[in-house]
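What follows is a short report on a single structure.
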Amino acid sequence: MSLLLGVNIDHVATLRQARYAGMLDSPNAEPSPLLAAEDARVGGADSITIHVRGDRRHMQVRDAFEIREKMELPLNFEMGNTAEMVAMALKLRPDFVCLVPETREEVTTEGGLDVDGLYGSLQGTVAQLQQAGIKVSLFIDPDACQVEASARIGAEMIELHTGCFANAFGEDRVVETNRLKTAAELGHRHALQVNAGHGINLQNLPALLTVPHLSELNIGHTLIARSVRVGLVTAVREMRAAMEGYQL
Ligand code: PXP
């Protein structure tokens, strides 16, 4: 099967909130995350990712339900492990949930989820979501103990955090690529679906495509940034084309 592309459209909501956070019912409130999801689909996205954060800085609850109701693609719902978000996911019924760490101060999701350390508090959430028919992914750093803990807890998927990889250059990039390779091999041995995300762009993609066993890449920032110049349909198409031929 070819490598799938999940498009994260949170930044479309970030832009809308910058002007209309207090006037979301206004007919002027734009851009629309739903229309962005449609553009991503036309460009070749395989799924749409959104993250409703505790502080609601970009996606709002109503965005999530509108996208779920009107969009054709599978929905990947990123969320922190809180009672509020579990309740919301159980109502929203996305195809997948990706559990991520969340703190109010961070600019974006900065590190992986400590599945090993938080095992007790995550176990119930994973089971509850799975019982509702939602597949669970865990956003983790590419470390053996986190991969092992993700397998032990019974998640279907892991998403390897590629932030360190993306921000490393030269020899450091080689080291980070090797970390991803080792973690992907281990995840595959445990029969986990291995995804990757964070900071991926057209420049670092070729190195990432040397990592084996990848099923899906989740990409947001660079696609929305590029869409300012060429539109989201073209930006997604370019990324899709660059992912072609992945065979590991
Ligand atoms: N995957 C996860 C779990 C994330 O939290 C994010 C950032 O919201 C992404 C992928 C996408 O990262 P980026 O916007 O850097 O492409």
Side-chain angles (χ1 to χ4, degrees), residues 4 6 8 10 47 49-55 57-58 76-82 85-86 89 94 96-126 129-130 134-168 172-201 204-205 207-208 210-222:
L4 303 178
N8 181 315
D10 289 344
S47 61
T49 298
I50 59 171
H51 183 181
V52 176
R53 298 183 68 103
D55 63 10
R57 72 173 66 156
H58 38 57
N76 176 25
F77 184 58
E78 280 180 21
M79 57 177 249
N81 181 27
T82 64
M85 283 303 150
V86 173
F96 320 105
V97 154
C98 182
L99 290 169
V100 301
E102 199 179 297
T103 61
R104 281 184 180 261
E105 302 74 32
E106 67 194 358
V107 176
T108 177
T109 314
E110 281 167 3
L113 191 63
D114 181 7
V115 183
D116 194 37
L118 300 170
Y119 196 89
S121 61
L122 286 167
Q123 213 170 13
T125 299
V126 171
L129 294 168
Q130 289 174 332
I134 303 166
K135 291 200 168 123
V136 177
S137 177
L138 301 172
F139 186 49
I140 57 169
D141 290 327
D143 294 333
C145 77
Q146 299 300 344
V147 178
E148 304 274 5
S150 301
R152 215 162 54 240
I153 213 166
E156 284 91 355
M157 296 166 272
I158 49 174
E159 180 172 329
L160 297 177
H161 193 315
T162 47
C164 290
F165 157 85
N167 289 323
D172 293 343
R173 170 71 57 80
V174 177
V175 172
E176 291 299 332
T177 307
N178 287 336
R179 265 182 84 199
L180 289 167
K181 286 180 180 174
T182 306
E185 296 277 8
L186 186 60
H188 182 69
R189 278 207 297 282
H190 281 288
L192 289 160
Q193 178 178 319
V194 182
N195 303 331
H198 205 97
I200 300 169
N201 59 27
N204 59 41
L205 184 71
L208 186 63
T210 66
V211 174
H213 309 304
L214 295 177
S215 290
E216 181 167 294
L217 304 183
N218 281 313
I219 307 182
H221 185 95
T222 196

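Both backbone and side-chain heavy atoms feed into the values below; hydrogens, waters and symmetry mates do not.
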Open item on the list: Going by ring pair (Phe, Tyr, Trp, His ring centres under 6.0 Å), name the residues that satisfy it together with His213, two or more places apart in sequence or in a different chain.
Closed with: His188
Task: From CG (Leu138) to CG (Leu113), nearest 0.5 Å - done: 6.0 Å
Task: Check: Asn204 and Phe165 side chains under 4.5 Å, non-hydrogen atoms - done: yes
Task: Main-chain N/O of Ile50 paired with Glu78 side-chain donor or acceptor, under 3.5 Å - done: no
Task: Residues in side-chain hydrogen bond (donor to acceptor under 3.5 Å, both in side chains) contact with His221, at least two apart in sequence or another chain - done: His11
Task: Heavy-atom donor-acceptor pair, Glu156 side chain to Leu192 backbone, under 3.5 Å - done: no
- [ ] Check each of Asp143, Asp141, Thr162 against Arg179 using the side-chain hydrogen bond (donor to acceptor under 3.5 Å, both in side chains) test, and report the only one that passes.
- [x] Asp143
Task: Short side-chain donor-acceptor distance under 3.5 Å, Thr49 and Asn76 - done: yes
Open item on the list: With heavy-atom distances below 4.5 Å as the criterion, would you say the side chains of Glu148 and His190 are in contact?
Closed with: yes
Open item on the list: Contact between Asn218 and Asn8 at the side-chain level, heavy atoms closer than 4.5 Å - yes or no?
Closed with: no
Task: Pairwise side-chain contact, Thr177 with Val211, heavy-atom cut-off 4.5 Å (strictly under) - done: yes
Task: Polar side chain donor-acceptor pair, Thr125 to Asn81, under 3.5 angstrom - done: yes
